[in-house]
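Letters A, B, ... mirror the listed sequences (proteins, then strands); counts begin at 1. Predicted model only: the values in this text are computed from it and were never measured.
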Amino acid sequence: MSVAPEIAGRDESEASASDTKALPKVQIHGLNFFYGTNQVLRSVTMDVPALKVTALIGPSGCGKTTLLRCMNRMHDLYLGNRYEGSIVVQPDGTDILDASVDPIQVRMRFGMVFQKPNPFPKSIYENVAYGLRLQGMNRRKELDEKVEKALREAALWEEVKSRLHQMAHNLSGGQQQRLCIARAIATDPDVVLFDEPTSALDPIATSKIEELIVELKKRVTVMIVTHNLQQAGRISDMTAFMYLGELIEFGDTNRMFTNPAKPQTEDYISGRFG
Amino acid sequence: MGSSRSASSRRLDQGLESVMVWVLRAGGWASVLVTFGIVITLVKESWPFFQAVPFVRLFTDTMWTPLFSEPQYGIGALLAGTLVTTGVALLVAIPLGTILAIYLSEFAEPQFRDWVKPMLELLSAVPTVVYGYFALLTLTPLLQKIYPDLPQFSMLSAGMIMGIMIVPYVTSLGEDAMRSVPMLLREGAYALGDGKLGVALRVVFPGAFSGLAAAYVLAISRAVGETMIVAIAAGLQPRMTVNPLESAATVTAFIVQVSLGDLPHGSIGYQSIFAAGAVLFLMTLGFNLAGHALRRRFHRAT
Ligand SMILES: Nc1ncnc2c1ncn2[C@@H]1O[C@H](COP(=O)(O)OP(=O)(O)OP(=O)(O)O)[C@@H](O)[C@H]1O
Ligand SMILES: [Mg+2]
């Protein structure tokens with residue numbers, strides 16, 4: 001993708017990226033977050049690995065959504081919100097929380113898929129083309145190609161190819177959510193953030209989206225909030241367990257589900273609370 | 001607190017509720033009855049007119065002179081006045097009203113909005129006679145400075161002021177429609193890297209389209225039915241023209257003009273105002289139905 005000049009320009013090129021897979025994609029360090037005076041995240045520190053699926057789990061209200069929305073500076077949309085700490089994106093080493101960084105540039109690097117499907121009141125095609133157009137792509141042929149590619153990656157192409165110019169609202173809920181995924185990946189973001197993307201869907205639509213996410217990590221880094229522990233187990237490589245705004249435990253998913261290090265993690269995973 | 005309310009107070013509530021239901025139902029029926037009454041009057045009074053004058057003459061005659069000794073019944077001469085003044089009004093009200101609605105819903109500080117909205121709504125409480133004389137005595141001379149050949153009565157001046165009068169309707173309804181677009185949709189666009197203006201124009205505007213369409217239809221009906229402003233500032237001479245720089249009479253202006261005179265009840269001139277009224281009624285009905293259809297079509301889209 002075309003990295004924003006501000007971000008590319010700040011490249012401090014560390015380790016000359018010999019093995020990008022070993023390098024974490026995003027380094028969250030000492031992150032505090034406040035809604036007004038209400039502190040919701042407490043010194044969260046974690047390295048999100050590149051090209052892996054990282055799941056965020058934890059009881060309701062522990063701050064999973066809040067953390068996810070720090071990653072694309074979504075909180076900037078509302079007055080009174082405040083971040084402390086840093087979120088450094090590799091390979092260029094930009095701290096996206098830095099005041100000099102334009103949140104719009106951050107959002108072009110971090111795609112987001114919401115809890116409820118939110119297609120725009122436009123055609124299927126225009127939904128997927130939305131981000132592409134924002135990034136200055138205007139030529140029809142190029143757009144056509146990118147839209148088709150994104151829809152194929154979102155496993156939606158076959159179902160919609162004959163009606164690309166119909167309103168997106170005529171799709172089923174599951175199709176709408178896949179459309180939102182296509183929309184988010186069309187611009188080739190570095191990271192895609194999912195906030196409980198299947199909580200409004202039936203099991204079949206859910207498993208389609210799970211397959212898609214696993215497929216997606218071949219080329220993008222994925223962070224996903226989920227309430228469904230089986231889902232976290234099925235699709236994630238790494239799991240972060242949060243509780244009351246703190247990151248309690250973060251590690252390999254298999255290890256964490258079979259042999260959690262912290263008693264709170266064990267309690268949560270075994271269903272004793274949350 | 002009132003978790004264990006006595007049985008008698010609950011009975012009282014139920015009694016009150018059924019009374020309220022009846023009051024509301026009566027109100028609903030009253031409006032239906034009034035509408036029927038209007039339709040019946042229109043049909044009854046214009047019936048003799050259409051007995052005496054063949055329907056096609058409304059469209060084949062080129063002048064509207066029902067009071068002359070050799071009368072002509074080309075309603076087009078009145079419709080032209082109505083359509084041109086309405087067109088001018090919409091050219092003012094729709095862009096201005098929509099931009100204001102977007103501004104108020106997406107950009108204005110909440111305190112500012114809470115202050116401006118009642119002010120705007122006050123604007124629609126100004127009597128239309130005042131608007132009419134404002135057009136005639138203030139706007140027309142101003143326009144004449146730019147275009148000296150503008151006659152004292154012109155559809156341009158009347159239409160523009162009518163547009164100003166309608167702005168609050170468009171803005172108020174339009175703003176409601178835009179504010180009811182879910183935040184989730186806006187966030188989706190922000191998450192792709194769009195800015196405030198882009199979100200407003202590309203997501204909120206189409207998302208609110210059904211509500212905006214309703215606002216526009218109301219604006220049209222309001223303009224088509226407006227009487228005082230056009231009677232005062234647009235002239236009373238029916239003229240088959242589409243040039244807003246001329247003076248012309250609208251359907252409504254003709255109706256007041258004639259009904260202020262003392263035509264004998266039952267004369268063809270008297271009946272012609274009901275014929276004109278019936279045509280006006282059909283027109284507004286048409287616009288409203290079209291608006292309804294438009295709204296339904298876009299409703300599924302939001
Ligand atoms: N806009 C807001 N203003 C103030 N407090 C908020 C706001 N949004 C969330 N909170 C609070 O922040 C805390 C974390 O909320 P968050 O939505 O991040 O939790 P979550 O882990 O995603 O929960 P869930 O699993 O229910 O979605 C909660 O205590 C919540 O009440
Ligand atoms: Mg949440």
Residue pair A:Asn72 / B:Tyr190, side-chain donor-acceptor N/O under 3.5 Å: no
Heavy-atom contact with chain B under 4.5 Å, split by part of A:Pro103: neither
If you measure from the Lys or Arg side-chain nitrogens to the Asp or Glu carboxylate oxygens, is any gap between B:Asp13 and B:Arg10 under 4.0 Å? no
Return the minimal non-hydrogen interatomic distance between A:Pro119 and A:Cys180, and the atom names on each side. N-SG, 3.8 Å
Under 3.5 Å: donor-acceptor pair, side chain of A:Thr226, backbone of A:Asn228: yes
Write out all pairs satisfying salt bridge (Lys or Arg N to Asp or Glu O under 4.0 Å) with one or both partners inside residues 61-71 of chain A, taking only residues at least two apart or from two chains. A:Arg69-B:Glu187
Here the salt bridge (Lys or Arg N to Asp or Glu O under 4.0 Å) pairs for residues 157-169 of chain B, sequence neighbours left out, are none
Do A:Val192 and A:Phe110 touch side chain to side chain, with heavy atoms closer than 4.5 Å? no
Among B:Asp194, B:Leu185, B:Val203, which residue has the highest count of heavy-atom pairs closer than 4.5 Å to chain A? B:Asp194
Is it true that a side-chain atom of B:Glu226 and a backbone atom of B:Met228 form a donor plus acceptor pair closer than 3.5 Å? yes
Inter-chain contacts: residues 165-184 of chain B against chain A, heavy atoms under 4.5 Å: B:Met183, B:Leu184
If the threshold is 4.0 Å, N to carboxylate O, is there a salt bridge linking A:Arg109 and A:Asp92? yes
Any cation-pi pair here, A:Arg183 with A:Phe120, using under 6.0 Å and within 45°? yes
Indicate yes or no for a side-chain donor-acceptor contact from A:Lys122 to the backbone of B:Arg202 under 3.5 Å, with no hydrogens or angles considered. yes
Anything in residues 94-109 of chain B with a heavy-atom distance to chain A below 4.5 Å? Please list those residues in order. none
When the 4.5 angstrom heavy-atom criterion is applied to B:Arg186 and chain A, the contacting part is neither
